[in-house]
Amino acid sequence: MTMETHLLRTFVAVARGGSFSRAARDLGYTQSAISQHIAALEHDLGTALLTRRPVAPTRAGERLLEHAGPLLTRLDAARADLARLTAAPTGRVVLGLTPLSLTAEVAAAVHRGTELRVLGREDVLTEVATGSLDLGLVDGMAAPSDPLSLPDVGPLTTTVVAERPLAVAVPVTHPLTGRTARLAELADAGWIDAPDVAIPLERLRKAASTDGFRGRLRYTGTDVRGLLGLVAAGQGLALLPADVLDGVGTLSLSSPRVVHRTELVHSDPGEGAALAAALTGQRPEL
């Protein structure tokens with residue numbers, strides 16, 4: 001069983017895109033070559049990985065997809081790490097940020113000439129690990145003074161940048177506006193599933209030890225104002241830093257004790273060392 005890297009990349013592209021032709025365009029192969037790659041991988045593993053009409057992962061394919069993404073990311077991270085050892089200075093620093101990590105303090109610390117990219121949480125981590133970003137700022141929910149629980153995408157260093165209060169964004173006419181509640185009491189409320197902006201619903205389920213918090217609608221994107229507009233219109237609730245909740249009502253949490261935490265992530269900051277120091281205030285590494 002060899003599972004060659006290029007075959008895994010082809011499988012991931014087809015499985016995630018739901019199309020052989022789209023994977024061919026994205027990867028620069030012919031559609032025939034894509035089909036041959038999938039057939040070779042299925043032969044190697046001795047099982048069907050994709051249904052053809054429609055194109056979708058089989059049960060075995062879903063399981064392989066869970067492994068393939070992290071494996072390929074770690075390989076790309078290893079290449080990027082080695083490339084940094086011999087890379088010539090570029091004179092620029094690329095900082096990736098999640099939407100809620102771009103605070104006034106972060107904006108003031110950014111140096112002239114820095115390139116900023118606002119991305120989803122997983123994209124920031126992956127692009128730092130694979131060398132597309134020099135530094136990254138990611139955010140999430142954690143117990144006070146606890147580090148974020150981040151996926152393992154490579155040997156990254158993390159440093160706390162800030163912690164701030166969280167609150168549930170609700171319409172101003174919501175009967176619980178201005179009150180305090182336990183998170184578990186809100187499990188059956190209507191929520192907006194906005195994983196790249198608000199605290200992801202799966203994280204709420206884990207914190208409240210419940211299978212509730214089902215999304216009334218899904219919001220894909222990084223526009224905080226757009227999400228708040230949906231909340232104000234009564235489309236659902238969202239858990240966000242209290243200081244960004246303009247134009248909506250707020251509901252405080254009595255339990256669990258959680259905060260919104262922002263962390264700086266990097267491999268070797270290189271030319272971004274000065275910016276990293278400015279962002280963290282020279283705090284010690286975690």
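- In this model, a donor atom of one side chain and an acceptor atom of the other lie less than 3.5 Å apart for Thr98 and Ser101.
- Under a hydrophobic clustering in which Ile, Leu, Val, Met, Phe, Trp and Tyr are joined whenever their side-chain heavy atoms come within less than 4.5 Å, directly or via other members, Leu201 and Val168 fall into the same cluster.
- Looking at heavy atoms from C-beta onward, Val265 lies out of side-chain contact with Leu135 at the 4.5 angstrom threshold.
- Salt-bridge annotation for Glu42 and Arg52: present, with a side-chain N of the basic residue lying under 4.0 Å from a carboxylate O of the acidic one.
- Taken together through direct or relayed side-chain contacts under 4.5 Å among Ile, Leu, Val, Met, Phe, Trp and Tyr, Leu166 and Leu245 form parts of separate hydrophobic clusters.
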May I have the step-by-step check of side-chain contact (heavy atoms from CB on, under 4.5 Å) for Thr47 and Thr58, ending in yes or no?
-> CA-CA 9 Å; Thr47 186; Thr58 62; 5.6 Å; no

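- Between Leu240 and Ala169 the shortest heavy-atom distance is CD1-CB, 4.3 Å.
- Of all heavy-atom pairs spanning Ala68 and Val12, the tightest one is CB-CG2, 3.6 Å.
- Residues Val161 and Leu137 form a side-chain contact, since some pair of their non-hydrogen atoms from C-beta on lies under 4.5 Å apart.
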Can you check side-chain contact (heavy atoms from CB on, under 4.5 Å) on His6 and Tyr29, steps first, answer last?
-> CA-CA 11 Å; His6 72 287; Tyr29 291 119; 4.3 Å; yes

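- Between the side chains of Gln31 and Ser35, no donor-acceptor pair of N or O atoms lies under 3.5 Å.
- Distance check, rounded to the nearest 0.5 Å: CG of Leu183 to OG1 of Thr210 gives 9.0 Å.
- Screening residues 210-253 for ring-ring contact (aromatic ring centres under 6.0 Å, His included), with sequence neighbours left out, gives Trp191-Phe213.
- Inter-residue side-chain proximity for Val138 and Leu125 is flagged as met; some heavy-atom pair is nearer than 4.5 Å.
- By the 6.0 Å contact criterion, CD on Glu122 is open, its count of non-hydrogen atoms from other residues, nucleotides or ligands being 12 or less.
- Checked by atom type and distance alone, the side chain of Arg257 never pairs as donor or acceptor with a backbone atom of Ser254 at under 3.5 Å.
- Looking at heavy atoms from C-beta onward, Pro200 lies in side-chain contact with Arg121 at the 4.5 angstrom threshold.
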Worked verdict on Leu253 versus Thr180 for side-chain contact (heavy atoms from CB on, under 4.5 Å) = CA-CA 5 Å; Leu253 294 179; Thr180 299; over 6 Å; no

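- Sequence neighbours left out, not one pair with a member in residues 39-61 passes ring-ring contact (aromatic ring centres under 6.0 Å, His included).
- Rounding to the nearest 0.5 angstrom, the gap separating the CG atom in Leu275 from the CG atom in Asp134 is 9.0 Å.
- With a 4.5 Å cut-off on side-chain heavy atoms, Leu64 and Leu8 count as touching.
- For the side-chain contact (heavy atoms from CB on, under 4.5 Å) with Met141, the qualifying choice from Leu148, Asp146, Ile199 is Ile199, the only one to do so.
- In this structure, Thr177 contributes its side chain and Thr173 its backbone to no donor-acceptor pair below 3.5 Å.
- In this structure, OG1 on Thr10 lies 9.0 Å from CG on Leu41, to the nearest 0.5 angstrom.
- Here the OG-NZ distance, from Ser149 to Lys206, works out to 5.0 Å after rounding to the nearest 0.5 Å.
- The two residues Arg164 and Asp243 have their closest heavy-atom pair at NH1-OD1, 2.8 Å.
- Leu100 and Val259 fall into different hydrophobic clusters, where Ile, Leu, Val, Met, Phe, Trp and Tyr side chains are chained together by heavy-atom contacts under 4.5 Å.
- With rounding to the nearest 0.5 Å, the separation of CZ in Arg22 from CZ in Arg16 is 13.5 Å.
- Clustering ILVMFWY residues whenever any of their side-chain heavy atoms sit less than 4.5 angstrom apart, transitively, puts Leu72 in the very cluster that holds Val14.
- Val258 and Leu204 fall within a single hydrophobic cluster, where Ile, Leu, Val, Met, Phe, Trp and Tyr side chains are chained together by heavy-atom contacts under 4.5 Å.
- Atom CG in Leu119 sits 6.0 Å away from atom CG in Leu133 (nearest 0.5 Å).
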Enumerate donor-acceptor pairs with a distance under 3.5 Å from any side-chain N or O in residues 222-235 to protein atoms, sequence neighbours excluded.
{"residue": "Asp223", "atom": "OD1", "partner": "Arg225", "partner atom": "N", "Å": "3.1"}
{"residue": "Asp223", "atom": "OD1", "partner": "Gly226", "partner atom": "N", "Å": "3.3"}

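- When all heavy atoms are compared, the tightest approach of His111 to Ala278 is NE2-CB, 4.0 Å.
- Between Leu237 and His174 the shortest side-chain heavy-atom distance falls below 4.5 Å.
- With hydrogens and angles disregarded, no donor-acceptor distance shorter than 3.5 Å links the side chain of Thr51 to the backbone of Pro57.
- Glu263 is listed as a side-chain neighbour of Pro147, based on a closest heavy-atom distance under 4.5 Å.
- A salt bridge does not link Arg205 to Glu202: none of the charged side-chain nitrogens sits closer than 4.0 Å to a carboxylate oxygen.
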Stepwise side-chain contact (heavy atoms from CB on, under 4.5 Å) test for Leu251 and Leu186 = CA-CA 11 Å; Leu251 190 161; Leu186 306 173; 4.2 Å; yes

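- For the pair Arg261 (side chain) and Pro144 (backbone), a donor-acceptor distance under 3.5 Å is absent.
- Between the side chains of Ser21 and Ser19, at least one donor-acceptor pair of N or O atoms lies under 3.5 Å.
- Within the 4.5 Å cutoff, side-chain heavy atoms of Arg117 are placed close to those of Glu127.
- Here the closest heavy-atom approach between residue Leu49 and residue Phe11 is recorded as CB-CE1, 3.8 Å.
- Using a 4.0 Å cut-off between charged side-chain N and carboxylate O, Arg92 and Glu271 make no salt bridge.
- Taking every heavy atom of both residues into account, Leu97 and Leu95 meet most closely at CD1-O, 3.7 Å.
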